[in-house]
Amino acid sequence: MNSIGEILSGSLTGKQAEIRGWVYRIRSSGSLCFIVVRDSSGIVQAVGSKETLGEARLKELANLTIESSIALNGTVKEDKRSSGGYEIQISDFKIFQRNENYPITKDKGEEFLLDIRHLWLRSREMTSIMKIRSTVFKAFSDFFYNEGYYQTQGPMMVATATEGGSTLFKLDFFGEEISLAQSSQFYLEVMMFSLEKVFTIAPSFRAEKSRTRRHLTEYWHAEAEAAWYGNEDMMRDEERMIEYIIRQVLEKNREDLIFLKRDLSKLENIRAPFPRMRYSELMKKAGDWGLGLKYGDDLGADEERAITVHFDKPVFVTHYPDTLKPTFYHREDPETPGELLCHDLLAPEGYGEIIGGGERIWNLADLEENLKKYNLNPEDYYWYVDLRKYGSVPHSGFGLGLDRVIWWICGLETIRDAIPFPRTIRRTRP
RNA sequence: GCCGCCGUAGCUUAGUAGGUAGAGCACUCGGCUGUUAACCGAGCGGUCGUCGGUUCAAAUCCGACCAGCGGCGCCA
């Protein structure tokens, strides 16, 4: 058995080959039948003739329909008339299943494709995206392994909220009300005390009723936490990680990016270091950039887009005022009180926020004060508070939306196409 | 949570002075010796999202509901 990729590489030219796959296109004309076959490695045209197969067998072949599953035997030839440059002269074939009526035709709407996502995933477009997704997941892990991080896992069923309570998915846990994880951050902070540098790739669940092309209800969250790291140290690992992921995709998925009509030059440009802008600095430039913003205003989606057009690579926005990040674990910058040692990373071309991170409060008194400030019950966070009681150390971390990275790298319209089975506010199937 | 948009055959859609729904693709049958999401001919396929109202008559006008898509907010 051979792969279509082998045929397209030229290594089987003139030889016998057997391929197994699915009918991508089929055309027939009396005594000839052209079948374009796909497998996971590519597509190739095969031709059957009455001369070699006989009338009955040719008719059987010509009678096949889109996405029927088959095995083909034949001689590989170079042929300019075939779109991929190669062609199989069919000498024998086996039909595994002939489809009566495949639902997807050349006319298809967005909603319909989401309803039959389980079949649409077979398309060349989705196949290319899923190959890139595979590379992105591996590259993220490889980068952190190479930097001396350990991979670990937190629970997905939790009793402690990381973000605000309003975005929690409630769950009945044998009578106790708990929820699905919004982040693995607190558990990474625990593991950090033994492993020092840790990362995880896990789903996060947010019950935000977001109706935008950049939100998923269930998304893949790549998070890391590192002991002895300040805000700037963390950003240095992050920018090199982003560069590494993009290099890997450019190297391994060039054909896929081209098929997706991605402008490769936009990705070739992405090299660390990335520019850093303090929030206060950004507010000074806001006037020049036509943003009607003053200190204390949050950056909305429109503002993010307006900022990223001034850069050809991702940009860090740091030192947000504490009023804009109402979470209890961010550490204040002692040099600029009221501003946090935190950062967001905004992807270019209008894709916007892909990372949120920063330095965590590691002093017990500061943490207890903040829990009070945000009306949180310290007992609910007893284990998180304990981390500040016993051998606490300075540390930083971040969370990256892997689906958002894939959305950006592939240059997609909507983040839904960056994940095989998107969960949005109104979609739970397939 | 706020705002906007859409729903006609399996799919993509046409269809208002309100008068019993038309096409392309898919599928089935036939034709074609080099096709590139081929072409030619025939056939199959619709309670016009649901419920109610106005009317002699509703895909079309009105109301409610259901389903989905998008923008903001929030975030990754």
Side-chain angles (χ1 to χ4, degrees), chain A residues 23-36 43-52 58-59 62-63 65-67 77 79-85 87 89 98-116 119-120 123-124 162-164 166-167 182-185 201-223 298-305 324-327 344-347 351-357 398-408 413-416 418-419 424-427:
Chain A
V23 175
Y24 182 70
R25 302 280 184 261
I26 185 157
R27 301 173 274 275
S28 69
S29 67
S31 48
L32 279 180
C33 172
F34 300 95
I35 297 190
V36 182
I43 67 167
V44 70
Q45 177 166 293
V47 58
S49 68
K50 196 192 308 193
E51 205 178 326
T52 51
L58 180 74
K59 191 166 179 178
N63 221 8
T65 50
I66 301 279
E67 284 303 315
K77 296 223 163 105
D79 197 316
K80 288 194 181 68
R81 294 170 296 187
S82 170
S83 61
E87 188 171 84
Q89 309 270 333
R98 179 185 180 277
N99 298 329
E100 205 47 61
N101 206 339
Y102 193 65
I104 301 179
T105 65
K106 68 175 179 179
D107 297 309
K108 65 252 176 187
E110 191 184 357
E111 292 173 33
F112 176 66
L113 291 179
L114 284 166
D115 289 338
I116 45 129
L119 300 175
W120 180 236
S123 68
R124 290 184 82 192
T162 316
E163 310 292 329
S166 64
T167 70
Q182 303 160 301
S183 162
S184 299
Q185 179 191 323
I201 297 178
S204 279
F205 306 90
R206 303 276 168 100
E208 297 157 354
K209 293 191 173 171
S210 302
R211 303 200 44 76
T212 78
R213 62 182 68 183
R214 63 184 182 283
H215 281 93
L216 292 168
T217 301
E218 174 187 69
Y219 68 97
W220 283 81
H221 209 171
E223 296 172 280
D298 203 357
L299 270 46
D302 293 342
E303 288 77 24
E304 279 187 4
R305 268 188 286 275
L324 294 184
K325 299 274 177 187
T327 31
D344 284 353
L345 183 65
L346 309 181
Y351 282 93
E353 186 174 350
I354 53 173
I355 284 179
F398 75 91
L400 166 76
L402 278 177
D403 317 280
R404 282 195 178 171
V405 170
I406 294 153
W407 172 55
W408 161 47
E413 274 289 303
T414 157
I415 196 170
R416 282 187 312 240
I419 184 169
T424 62
I425 175 173
R426 296 213 169 122
R427 259 183 204 281

Check your understanding: Does Arg211(A) have a side-chain nitrogen or oxygen under 4.0 Å from the phosphate oxygens OP1 or OP2 of rG73(B)?
Key -> no
Review point. Is Lys77(A) paired with Asp79(A) through a side-chain N to carboxylate O contact shorter than 4.0 Å?
Key: no
Exercise for review: Could you tell me whether the side-chain ring of Phe34(A) sits stacked on the base of rG34(B), using a centroid cut-off under 5.5 Å and a plane angle under 30°?
Suggested key: no
Review point. Which nucleotide, rA37(B), rC72(B), rU35(B), lies nearest any side-chain atom of Asp302(A)?
Key: rC72(B)
With the criterion being N/O to N/O and under 3.5 Å, what pairs connect the protein with nucleotides 26-30 of chain B, and how long is each?
residue	atom	partner	partner atom	Å
rA26(B)	O2'	Asn101(A)	OD1	2.9
rU28(B)	OP1	Arg98(A)	NH2	2.4

Review point. Going by modelled atom types, is there a donor-acceptor pair between the base of rG24(B) and the side chain of Asp107(A) at under 3.5 Å?
Key: yes
Exercise for review: Can you tell me, in whole Å, how much space there is between the C1' of rC27(B) and that of rC44(B)?
Suggested key: 8 Å
Check your understanding: Are side-chain heavy atoms of Glu413(A) and Glu110(A) found at a separation under 4.5 Å?
Key -> no
Review point. Quick one: the side chain of Glu51(A) and the base of rU33(B), do they pair up donor-acceptor inside 3.5 Å?
Key: no
Point to revise | Nearest heavy-atom neighbours spanning Cys33(A) and Leu58(A) | key: CB-CD1, 3.8 Å
Exercise for review: Would you indicate, yes or no, if rU35(B) has its OP1 or OP2 atom less than 4.0 angstrom from a side-chain nitrogen or oxygen of Arg27(A)?
Suggested key: no
**Study point:** Residues Gln182(A) and Thr167(A): side-chain donor-acceptor under 3.5 angstrom
**Key:** yes
Practice item. On RNA chain B, check which nucleotide each of Glu110(A) and Gly401(A) is closest to and give me the residue with the more 5' one. Key: Glu110(A)
Got a list of protein N/O to nucleotides 48-50 of chain B N/O distances below 3.5 Å?
none

**Study point:** P gap between rU55(B) and rA14(B), integer Å
**Key:** 31 Å
Check your understanding: Looking at the side chain of Arg25(A), which of rA38(B), rA76(B), rC72(B) is the nearest nucleotide?
Key -> rA38(B)
Review point. Just checking Asp79(A): base, sugar-phosphate only, or nothing, at a heavy-atom cut-off of under 4.0 Å?
Key: base
Review point. Counting just side-chain N and O atoms, does Arg416(A) come under 4.0 Å of either OP1 or OP2 of rG70(B)?
Key: yes
Check your understanding: Any donor-acceptor pair under 3.5 Å between the side chain of Glu413(A) and the base of rG70(B)?
Key -> no
Check your understanding: Of all heavy-atom pairs between Trp220(A) and Asp403(A), which one has the smallest distance, and what is that distance?
Key -> N-OD2, 2.6 Å
Check your understanding: Dot-bracket, RNA chain B: Watson-Crick or G-U, under 3.5 angstrom, [ ] crossing, | other strand?
Key -> (((((.(..((((.....[..)))).(((((.......))))).....(((((..]....)))))).)))))....
Check your understanding: Is a donor-acceptor contact shorter than 3.5 angstrom present between the side chain of Ser210(A) and the base of rG73(B)?
Key -> yes
